[in-house]
Amino acid sequence: MTGDVALSEGMPSGSGRPVINGTAVVTLTIPCAPEYVGTARLAILGVAGRMGFSYDQIEDIRLAVGEACTNAIERAGHVPGLDAGINIRCEIQAERLTIEIEDNVPTMNGDAAGAEGEEDFSTQELGAVLMEILVDEVAIDTLPGGGTRARLVKYTADNA
Amino acid sequence: MTGDVALSEGMPSGSGRPVINGTAVVTLTIPCAPEYVGTARLAILGVAGRMGFSYDQIEDIRLAVGEACTNAIERAGHVPGLDAGINIRCEIQAERLTIEIEDNVPTMNGDAAGAEGEEDFSTQELGAVLMEILVDEVAIDTLPGGGTRARLVKYTADNA
Amino acid sequence: METTNMNLKVTPRSLDNDTRVLDLEGEVDVYTAPLLRQEIMDQVDAGVKRLLVNLAKVEYLDSTGLGILIGGVKRMREQGGVLRLVAPPPRITRIFDITGLNRIFEVHATEAEALA
Amino acid sequence: METTNMNLKVTPRSLDNDTRVLDLEGEVDVYTAPLLRQEIMDQVDAGVKRLLVNLAKVEYLDSTGLGILIGGVKRMREQGGVLRLVAPPPRITRIFDITGLNRIFEVHATEAEALA
Ligand SMILES: Nc1ncnc2c1ncn2[C@@H]1O[C@H](COP(=O)(O)OP(=O)(O)O)[C@@H](O)[C@H]1O
Ligand SMILES: Nc1ncnc2c1ncn2[C@@H]1O[C@H](COP(=O)(O)OP(=O)(O)O)[C@@H](O)[C@H]1O
């Protein structure tokens, strides 16, 4: 099974149905490569910027999404020649913003993951810690067809 | 046939295959509603900003994409209760940026379109004129399943 | 009264009984244009004779915004007044030029010039 | 030599034979981090004893950038030098605090303080 198929299969209904029961959905697909994380951050600014979050909250969301993308890109770096993508799905509701960051990078076993240098590992750990702190809910799942999905939730009510 | 189906059917392969033969593909799907055009403009900034375009060229591209989205939103405004979406597909190549803006707003016949006020009509004409001037190539097609696709091309070589 | 709508801020300012300025800040697009339309109509309804629209801090202006400005020019003219545009940034001057709207709009570099 | 990589600019500056400053401007992320790593390694290889990294104009710093800075602290320490961070904006101070990296980094509000 190619990575492409996995990404398509795992894709939520975002592209076909941009508004579902009063929930607006914005989806963005980027190549799983360093130069596109900035594009994702700008799009997230466009989404979160309209929801009444504070400046700091918006920056927290941008950084958390950036970390999830970076994690996917670093995992993709271990698979030579991989043509992977990242799909970002934003669910906009009055009380919360839910962002799913999904990649089709084949999941490594523990050994392969452990092969990275010490510096890289601490970076990945840091990214996970940042996500946990910056948003209200984080769930990371390995997808059946290969790939990973990070689900981030930020509530507008923190907005105190 | 619902608008949703039309949008999915007409959708190019963007979401599944973000990199095709050295062409990077970025896709964005937004609700067909005024508050999301800003999100599209920010994402386009992220895409065009990395391609070596000048500041003025980037602003031209952003405005042209904004006009295509606005046109879709205005057409959607004539169809009460419509739950439409806009799909924006960017093909990034060294020599050019191609952006397809596709909506699933059912196509109006001439009479319905003519029913708008004078001010609205000149606005739509203006939008079309702007697109023609701001980018190098414009093609507007009505999609078989309903909906419209605007295809904009900007060459990096104007970059003089 | 100042009105904000996320990406556009419109602040009216009275210069004398007949003359008002609208200071715009931000983006005029299909989302924010209704706010600009309302602010202009409020001035028309108030019987203002000279309405200046200060574009100095406008970062984005699309066909919807242009349409509102054209509408404003017409409404003001219908009641014997004028609408003048002040201090457009280079990007927006360029849009006026390429669309030919520089022949419809009265554009002035400064407020003083627009009042002369 | 100044190096630009779209969204990050790194400009080295010599204060004396042993002391250099890297002025950063822009975003440090997975795309631009290799540039920062190279600039730091160049200073390490040049045998610099005190390396200040000026963060005043950094708009974004992610885990990749943090990793490069941690690596720089280690490399400098290995050769008996120090790497100090100068003038982080509030957002970045916050990141140092919530990650606990404020215990690993030497952070100073001004260049003068970092040199004292
Ligand atoms: N998609 C992802 N996005 C962000 N962080 C992730 C993702 N997948 C795993 N992580 C985090 O990266 C760190 C390193 O992951 P990894 O080496 O794959 O496994 P482990 O959880 O066994 O350490 C972990 O702390 C994990 O929580
Ligand atoms: N998807 C679109 N995006 C931007 N402009 C469009 C789109 N569809 C049509 N237009 C332009 O809007 C203007 C008004 O269109 P319309 O009233 O539908 O038809 P007509 O071309 O017969 O005037 C036309 O100049 C047309 O080129």
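Proteins get letters first, then strands, A, B, ... in listed order; numbering begins at 1 in each.
- For D/Leu101, the part lying near chain A is the side chain, with the backbone staying farther off; criterion is any non-hydrogen pair under 4.5 Å.
- The pair A/Arg41-D/Glu27 counts as a salt bridge, with a side-chain nitrogen and a carboxylate oxygen less than 4.0 angstrom apart.
- No hydrogens or angles considered: a donor-acceptor pair under 3.5 Å links the side chains of D/Thr64 and D/Asp62.
- Comparing A/Thr70, A/Leu63, A/Val37 by heavy-atom pairs within less than 4.5 Å of chain D, the highest count is held by A/Leu63.
- If you measure heavy-atom distances from D/Ile70 to chain A, the contacts under 4.5 Å come from the side chain alone.
- Using a cut-off of 4.0 Å between Lys/Arg side-chain N and Asp/Glu carboxylate O, D/Asp23 and D/Arg13 are scored as salt-bridged.
- Salt-bridge check for D/Glu59 with D/Lys57: failed, with every basic side-chain N at 4.0 Å or more from each acidic carboxylate O.
- When heavy atoms are compared at a cutoff of 4.5 Å, A/Tyr36 does not approach chain D at all.
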